[in-house]
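Have a look at the structure below, then the notes.
None of the values given here were measured: they were computed from a predicted structure.
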Amino acid sequence: MSELDDFLTAMLDRQIAAETAIHNGDVEPRMALWSRSDPVTLLGAMGMSNVGWDAVGRTFRWVASRFSNCTAYSFELLAAGACGDLAYTVGFERADLSVDGGPPQSTKVRVTHVYRREGGEWKIVHRHGDYVPLDATAAAGGSPAGPET
């Protein structure tokens, strides 16, 4: 098995389960996957930019408090790599869920994660997510069509 296969086997199913949980309002599985050793960073699709575990953890709690009723979550892996104690994934997250108790809605977020192996276990140290542009103008470099939060 390759280094990449070992990484994906160790991490991907756990991360998909954690993302499904946070989309249902349960933050703990996601928090368990993250490193507590700086640097950790978050550039979130809802507009947040955090550096350091304290700020990142607070943001995850806030996000979880807004999400509920996830009826579907999927992750489409586009690219991944692993070398030594660092790895990354790039892909699309899709979910059907309620935000702030509103009606169910479908979301699609482009995400990149960076991982660091700590004590033999993979931990997330960076997440960047943004909403997929809804039109060709945005895809070509215009303004994104996602929420402006």
Side-chain angles (χ1 to χ4, degrees), residues 7-135 138-139 141-149:
F7 160 72
L8 291 174
T9 298
M11 195 67 193
L12 205 52
D13 286 343
R14 291 174 51 223
Q15 189 167 347
I16 289 169
E19 293 301 326
T20 301
I22 199 168
H23 284 85
N24 274 307
D26 181 4
V27 71
E28 294 309 318
R30 181 190 263 188
M31 304 257 292
L33 295 181
W34 275 74
S35 174
R36 300 305 194 272
S37 300
D38 287 333
V40 294
T41 52
L42 172 66
L43 302 174
M46 297 171 80
M48 65 289 286
S49 299
N50 299 130
V51 176
W53 173 248
D54 289 340
V56 169
R58 277 193 308 273
T59 296
F60 289 160
R61 285 183 193 89
W62 173 76
V63 168
S65 75
R66 298 187 66 201
F67 289 169
S68 62
N69 302 317
C70 181
T71 58
Y73 173 85
S74 66
F75 177 69
E76 177 187 353
L77 181 66
L78 299 179
C83 184
D85 291 332
L86 290 175
Y88 73 92
T89 58
V90 176
F92 290 108
E93 291 180 341
R94 292 176 180 86
D96 296 330
L97 74 157
S98 296
V99 178
D100 295 331
Q105 60 183 348
S106 294
T107 62
K108 183 177 179 182
V109 177
R110 301 182 289 199
V111 293
T112 301
H113 289 92
V114 177
Y115 310 80
R116 180 173 58 223
R117 192 172 6 220
E118 299 176 352
E121 185 178 5
W122 288 105
K123 294 290 186 173
I124 302 170
V125 295
H126 173 75
R127 173 183 169 94
H128 177 248
D130 67 351
Y131 288 97
V132 175
L134 297 178
D135 63 35
S143 297
E148 294 291 328
T149 59

| Closest non-hydrogen atom pair between Ala32 and Lys123, with its separation | O-NZ, 2.8 Å
| request: Report the distance from atom CZ of Arg117 to atom CE of Met11, rounding to the nearest 0.5 Å. | output: 12.0 Å
| request: Output all residues satisfying side-chain contact (heavy atoms from CB on, under 4.5 Å) with Leu43, sequence neighbours left out; order by chain, then residue number. | output: Ser49, His126, His128
| said: Once rounded to the nearest 0.5 Å, what's the spacing between atom OG of Ser74 and atom CD of Glu93? | reply: 9.0 Å
| said: Can you see whether His113 engages Gln15 through a side-chain donor-acceptor pair at a distance of less than 3.5 angstrom? | reply: yes
| task | Determine the sole option in Asp54, Val27, Asn50 for which the side chain to side chain contact (heavy atoms under 4.5 Å, CB included) test with Thr59 is passed. | result | Asn50
| field | Shortest non-hydrogen contact between Tyr73 and Thr20, atoms and distance | value | CD2-OG1, 3.3 Å
| request: First locate atom CG of Leu97, then atom OG of Ser68, and finally report the distance between them rounded to the nearest 0.5 Å. | output: 7.0 Å
| Parallel, tilted or perpendicular: ring planes of Phe60 versus Trp34, cut at 30 and 60 degrees | perpendicular
| request: Would you check if the side chain of Asn24 reaches a backbone N or O of Cys70 as a donor-acceptor pair within less than 3.5 Å? | output: yes
| message | Please check this pair: side chain of Lys108 against backbone of Ala95, looking for a donor-acceptor N/O pair closer than 3.5 Å. | response | no
| Shortest non-hydrogen contact from Thr89 toward Ala80 | CG2-CB, 4.2 Å
| Where the side chain of Arg127 meets the backbone of Val111, is there a donor-acceptor pair that is under 3.5 Å apart? | no
| field | Arg61 (side chain) donor-acceptor with Gly57 (main chain) under 3.5 angstrom | value | yes
| said: How close do Ser106 and Asp96 get, counting heavy atoms only, and between which atoms? | reply: OG-OD1, 2.6 Å
| If we only count heavy atoms from C-beta on, is the Leu8 to Leu77 side-chain gap below 4.5 Å? | yes
| request: To the nearest 0.5 angstrom, please state how far the CH2 atom of Trp122 sits from the CZ atom of Arg116. | output: 11.0 Å
| query | Does any non-hydrogen side-chain atom of Glu19 lie less than 4.5 Å from one of Phe75? | reply | no
| request: For residues His23 and Phe67, report the shortest heavy-atom separation together with the two atoms involved. | output: O-CB, 3.6 Å
| query | Side chain of Arg30, backbone of Ala64: donor and acceptor closer than 3.5 Å? | reply | no
| Is Glu121 close to Tyr115 at the side-chain level, that is, under 4.5 Å between some pair of heavy atoms? | no
| Where the side chain of Asn69 meets the backbone of Thr71, is there a donor-acceptor pair that is under 3.5 Å apart? | no
